[in-house]
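Order of listing sets the numbers, starting from 1, for every ligand and every atom in it. It should be emphasised that the depicted structure is a prediction, and the values quoted were computed from it without experimental measurement.
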Amino acid sequence: MSNASERRVKIVEVGPRDGLQNEKLPVPLNAKVELINQLSGAGLRFIEAASFVSPKWVPQMAGSAEVMALIDRSPGVRYSALTPNLQGLEAALTARCDEVAVFGAASETFSQRNINCSIAQSLDRFRPVVQKALEAGVPVRGYVSCVLGCPYEGDVAAEAVLQVAQELLAMGCHEISLGDTIGRGSPESTRKLLEVCLRDLPSARLAGHFHDTYGMAEANVCASLEMGLRIFDSSVAGLGGCPYAQGASGNLATEKLIHALHAMGYETGVDMSRVQAAGRYIRQVLGDLHDQQEVPH
Ligand code: HMG
Ligand code: MG
């Protein structure tokens, strides 16, 4: 690798949101706050901490305003949240989120199941969200889900991904996270997708968001690095999944991502031992919750 900027990788830690949103048992507020504080202490600079979605759809994220109010705001860290509509954006601005994210899909059925509208309707809904956020000085990230396969429709055309990504960039998103929501991707399919996307989009605007359902996430990161991507999403302890994508298991673990990147000579600015400690912490919390639920014999 020739220069420092090529060696530098941005990690977006999505564990407190993408990770915890899928937990069936309510995770205590203080545990969410402690987790986020440990993650910022580990040097993670982009932390998706909350999600202002309907609590009927995703009950686990119901306490997002409280989470945002209680975390330590580490200088230089961007604490972000999902905002599917204007109602979510208002809540995120009130909670002083540093960044928000709109989330669309490249599959019609997934869009309906996840956010209760078509792809076209979702884009119409996102436009005023992005506009208002930018007016408030808050940058917006865009997600495209199901970029390498859909739990309902199977294969997804790369052109469909490109089209949604282009629309999100055109409305003002600064970065597009390409979500392999169900972890169906391989290095080969990742390369093919990126070949199409990179014809029209700069690599600096794209992030890889891989789920590790079949253990392929790190291989897909490597394929993406070769294609020029330098932004990746991951989740501490590999927590996660999407409640509207049956079978989607955890996100790529931040620990695995950092290990792989450091081993290949990339810089992340993240302290591996402190991320591992955060991972042990949240595994212990979730383990205790599950133990408490077990009916004694
Ligand atoms: P809807 O039912 O069509 O919304 O849901 P609505 O506008 O008709 O409102 C219905 C009710 O929801 C009303 O309440 C609203 O107030 C309330 P009621 O009058 O019935 O009491 N509501 C809200 N409450 C709080 N915050 C809001 C909000 N909006 C409406 N923002 C909606 C549409 C988008 C809200 C719903 O479908 C939803 O919340 N979906 C979220 C699903 C979700 O969070 N999925 C997981 C995140 S995506 C993901 O994980 C993938 C990703 O990681 C990338 C990848 O891996 O691919 C990003
Ligand atoms: Mg995800």
Side-chain angles (χ1 to χ4, degrees), residues 12-23 48 50-65 68 80-95 97 99-107 109-119 121-126 128-129 132-133 140-152 156 161 164-165 168 173 175-185 193 206-213 217 220 232-236 238-254:
V12 179
E13 169 60 52
V14 296
R17 193 281 303 171
D18 204 0
L20 294 184
Q21 73 180 5
N22 214 34
E23 286 299 318
E48 206 169 67
S51 181
F52 293 97
V53 297
S54 162
K56 286 186 192 138
W57 285 65
V58 185
Q60 188 63 254
M61 291 287 109
S64 284
M68 291 304 298
S80 65
L82 294 192
T83 53
N85 51 21
L86 283 169
Q87 192 176 336
L89 178 68
E90 290 303 336
L93 294 179
T94 305
C97 291
E99 177 168 332
V100 296
V102 292
F103 50 105
S107 140
T109 316
F110 185 80
S111 180
Q112 288 288 354
R113 301 284 174 103
N114 195 42
I115 50 174
N116 208 23
C117 64
S118 69
I119 295 172
Q121 285 167 332
S122 75
L123 295 170
D124 287 344
R125 198 182 275 175
F126 296 154
V129 175
K132 271 205 144 185
V140 187
R141 190 172 210 234
Y143 279 100
V144 186
S145 283
C146 299
V147 300
L148 293 169
C150 167
Y152 309 106
V156 169
V161 177
V164 178
L168 291 170
C173 292
E175 180 176 295
I176 305 299
S177 175
L178 299 172
D180 181 15
T181 315
I182 52 172
R184 218 165 155 264
L193 169 70
L206 299 180
H209 177 111
F210 296 107
H211 285 249
D212 213 11
T213 319
N220 297 339
F232 295 98
D233 302 352
S234 62
S235 172
V236 64
L239 301 172
C242 175
Y244 296 97
Q246 262 284 314
S249 66
N251 291 68
L252 170 58
T254 307

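- Listed by number with element, the atoms of ligand 1 under 4.0 angstrom from any heavy atom of H211 are 56 (O).
- At a 4.0 Å cut-off, not a single heavy atom of S177 sits close enough to ligand 1 to count as contact.
- I182 has its side chain out of reach of F110: every pair of non-hydrogen atoms, C-beta onward, lies at least 4.5 Å apart.
- In summary, the atoms of ligand 1 found under 4.0 Å from a heavy atom of P55, numbered by their order in the structure, are 24 (N), 25 (C).
- Contacts between N114 and ligand 1 below 4.0 angstrom, taking non-hydrogen atoms only, involve backbone and side chain alike.
- Put simply, no part of M61 is less than 4.0 Å from ligand 1, judged by heavy atoms.
- Interface of F52 with ligand 1, defined as ligand atoms under 4.0 Å from a residue heavy atom, comprises 26 (N), 27 (C), 31 (N).
- Rounded to the nearest 0.5 angstrom, M61 CE and L20 CG are separated by 5.5 Å.
- Residue D18 counts as close to the Mg ion (ligand 2), with an N, O or S atom under 2.8 Å.
- For ligand 1, the atoms closer than 4.0 angstrom to any heavy atom of I115 are 33 (C), 34 (C), 37 (O).
- For the residues V58, N22, D180, the heavy atom positioned nearest atom 44 (O) of ligand 1 is part of V58.
- Around atom 58 (C) of ligand 1, the closest heavy atom drawn from Q21, R17, H209 belongs to R17.
- Of all the heavy atoms of P84, the ones lying under 4.0 Å from any atom of ligand 1 belong exclusively to the side chain.
- Of all the atoms in ligand 1, the ones that sit under 4.0 Å from a non-hydrogen atom of N116 are 1 (P), 2 (O), 3 (O).
- Short contacts between ligand 1 and G88, defined as distances under 4.0 Å to a heavy atom of the residue, involve ligand atoms 31 (N).
- Annotation for A133 and V100: closest pair CB-CG2, 4.0 Å, computed over non-hydrogen atoms.
- Taking the six-membered ring for Trp and thresholds of 30 and 60 degrees, F126 and F103 have ring planes inclined between 30 and 60 degrees apart.
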